[in-house]
K.L.:
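First, the structure itself, so that you have it in front of you.
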Protein chains: 2
Amino acid sequence: MDQKMSNRQDIIEKAKERVIETISLNMHLYGVTPSIGRLYGTLFFRDTPMTLDDMKEELQMSKTSMSTSVRTLTDLNMVEKVWIKGERKDQYEAKKDWYQIFLDYFTNQWRKVIQVNLKAINESLKELEDLASDPSILTESEQEDIEKAVAKLMYSKEYYAWLNRLFDQFESKEIFEFVNKDPQNP
Amino acid sequence: MDQKMSNRQDIIEKAKERVIETISLNMHLYGVTPSIGRLYGTLFFRDTPMTLDDMKEELQMSKTSMSTSVRTLTDLNMVEKVWIKGERKDQYEAKKDWYQIFLDYFTNQWRKVIQVNLKAINESLKELEDLASDPSILTESEQEDIEKAVAKLMYSKEYYAWLNRLFDQFESKEIFEFVNKDPQNP
DNA sequence: AAGTATGTACAGAAAAAACTTTACAAACAA
DNA sequence: TTGTTTGTAAAGTTTTTTCTGTACATACTT
């Protein structure tokens with residue numbers, strides 16, 4: 001292999017690697033480790049799908065790790081299995097619509113949490129309101145305590161309702177009317 | 001202390017604790033541990049500020065942990081130190097504007113990452129474009145490889161520019177015109 | 001000034017997470 | 001059927017994170 005060709009390939013490789021590495025380090029925003037981030041970055045720059053053995057080779061990690069990492073990325077809708085005629089091994093490639101990944105991830109994460117939190121809030125609200133329904137049995141400080149707690153819970157409910165509306169906009173893509181993908185074409 | 005009063009206090013306490021616990025478990029969305037989440041939840045339901053010793057007592061943890069947890073929450077703009085006349089110990093209370101906390105957190109987190117990623121992308125783009133500026137020295141497959149990488153980097157740039165615009169809307173509060181806090185008063 | 005209270009840095013222990021090796025089940029090949 | 005290949009579960013190891021106890025600097029009190 002001639003020297004200059006090797007240099008050029010190296011430059012191209014380095015340019016990709018730099019970006020892969022920053023992706024790797026910043027994927028904690030999606031709740032994954034740098035290793036998993038690096039795998040996504042590697043797949044992102046590939047033009048053809050990879051098998052678990054390709055990944056193992058490329059990232060110098062165990063096949064088991066590749067298997068679990070790919071599953072994580074698949075669950076996050078960042079990677080998908082593709083079927084290739086005549087290929088026995090499973091093949092994976094990166095999903096490349098970053099807007100979609102961003103919106104999906106936040107919507108999914110938050111919807112789950114909002115639901116769980118609202119459930120707890122509503123249970124507690126009910127208990128407190130039941131207790132407050134007969135004020136005569138309560139001391140003054142108890143009444144005050146309940147009122148304050150109820151006020152906080154109501155506030156939380158409003159907040160979660162707002163979040164739900166925000167994620168509705170994310171899910172329906174209407175967010176792109178508010179913040180356009182192409183700033184020149186609003 | 002009479003039995004019924006104890007029951008009523010218990011019910012109130014339980015109602016708060018349930019919500020504190022769900023907050024604790026879901027604060028991973030803000031990148032903090034359940035312990036730190038529990039501290040925030042505890043502070044949220046307090047009507048008066050707490051000292052490190054109060055927290056240590058309440059959560060049965062070391063004072064050192066309380067100190068570092070409070071610092072973390074302060075950095076996240078979720079807690080603030082308040083000055084109380086004649087009090088020697090530092091006092092802390094929860095910030096209670098959850099909309100603000102949400103917007104601040106995501107804006108800060110993402111701005112940092114966007115900046116770092118864009119820097120890497122631009123460096124790599126420059127290297128690749130320099131290399132591509134003299135196509136005569138490149139093999140066909142190298143040219144193609146560079147083109148594909150450049151296209152991906154350009155795409156990323158557009159995406160990060162969009163994110164920046166989205167967070168501009170967050171920062172300027174214009175997001176509340178798009179998704180109103182009070183759905184009845186749009 | 002000496003003594004005490006307060007908050008945090010630092011080192012170490014405990015707990016949790018990430019990763020690897022081994023083992024095995026399911027699918028395919030001969 | 002028997003032998004391979006492929007993917008993943010389970011157990012074990014390594015690394016990282018979280019939490020605690022000690023030590024100490026700073027600031028307050030008398």
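Protein chains get the first letters and strands the later ones, always in sequence-line order, with residue 1 at the start of each. What you are looking at is a predicted structure, and each value in this text was computed from that prediction instead of being measured. No hydrogens, no waters, no symmetry mates; every other heavy atom, side chains included, goes into these values.
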K.L.:
Would you say that A/Leu29 contacts B/Phe106 through its side chain, given a criterion of any heavy-atom pair below 4.5 Å between the two side chains?
P.N.:
no

K.L.:
Considering every strand and a 4.0 Å limit on heavy-atom distances, what is the contact class for A/Asp53: base, sugar-phosphate, or nothing?
P.N.:
nothing

K.L.:
Tell me what B/Arg71 touches on the nucleic acid: a base, only sugar-phosphate, or nothing, going by heavy atoms under 4.0 Å.
P.N.:
sugar-phosphate

K.L.:
Distance alone, cut at 3.5 Å: any donor-acceptor contact between the side chains of B/Lys112 and A/Asn26?
P.N.:
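Absent: no donor and acceptor within the cut-off.
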
K.L.:
Across the strands shown, which category fits A/Thr51 at heavy-atom distances under 4.0 angstrom: base, sugar-phosphate, nothing?
P.N.:
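Nothing, no nucleic acid heavy atom in range.
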
K.L.:
Over how many whole Å does the gap from B/Lys63 atom NZ to D/dA23 atom P extend?
P.N.:
16 Å

K.L.:
Any donor-acceptor pair under 3.5 Å linking the side chain of A/Ser24 with the backbone of A/Pro34?
P.N.:
yes

K.L.:
Find which nucleotide of DNA chain C each of A/Thr68 and B/Gln91 is nearest to by heavy atoms, and output the residue with the more 5' nucleotide.
P.N.:
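Of the two residues, B/Gln91 wins.
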
K.L.:
Classify the side chain of A/Thr64 and the base of C/dT21 as holding, or not holding, a donor-acceptor pair under 3.5 Å.
P.N.:
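Yes.
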
K.L.:
For the side chain of A/Arg88, counting heavy atoms from C-beta on, which of D/dT29, C/dC19, D/dT4 is nearest?
P.N.:
D/dT4

K.L.:
Does OP1 or OP2 of C/dT8 have a side-chain N or O of B/Ser67 closer than 4.0 Å?
P.N.:
yes

K.L.:
Quick one: A/Leu25 CG to D/dT16 P, roughly how many Å, whole number?
P.N.:
14 Å

K.L.:
Would you kindly give the CD-to-P distance between A/Gln60 and C/dT20, to the nearest whole Å?
P.N.:
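Atom-to-atom, A/Gln60 to C/dT20, this comes out as 10 Å.
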
K.L.:
Rounded to whole Å, please give me the gap between CE in A/Met61 and P in C/dT20.
P.N.:
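It is 4 Å, rounded to the nearest whole Å.
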
K.L.:
May I have the distance from B/Met66 (atom CE) to D/dG21 (atom P), rounded to whole angstrom?
P.N.:
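Those two atoms, CE and P, are 12 Å apart.
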
K.L.:
Base, sugar-phosphate, or nothing for A/Thr33, non-hydrogen atoms under 4.0 angstrom?
P.N.:
sugar-phosphate

K.L.:
Take atom CE of B/Met50 and atom C1' of C/dT6, then tell me their distance rounded to the nearest Å.
P.N.:
17 Å

K.L.:
Does A/Tyr155 use its side chain to pair, donor to acceptor, with the backbone of B/Trp98 at less than 3.5 Å?
P.N.:
yes

K.L.:
Is A/Asn164 reaching over with its side chain to a backbone N or O of A/Ala161, donor-acceptor style, under 3.5 angstrom?
P.N.:
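Not at all, since once roles are kept as given, no pair shorter than 3.5 Å links the two residues.
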
K.L.:
At 4.0 Å (heavy atoms only), tell me whether A/Ser35 reaches a base, stays on the sugar-phosphate, or touches nothing.
P.N.:
sugar-phosphate

K.L.:
Let me know the distance between NZ of A/Lys89 and C1' of D/dT8, rounded to the nearest Å.
P.N.:
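In whole Å, D/dT8 C1' lies 16 Å from A/Lys89 NZ.
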
K.L.:
Is A/Ser62 close enough to C/dT20 that one of its side-chain N or O atoms is under 4.0 Å from OP1 or OP2 there?
P.N.:
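For C/dT20, OP1/OP2 do have a side-chain N/O of A/Ser62 under 4.0 Å.
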
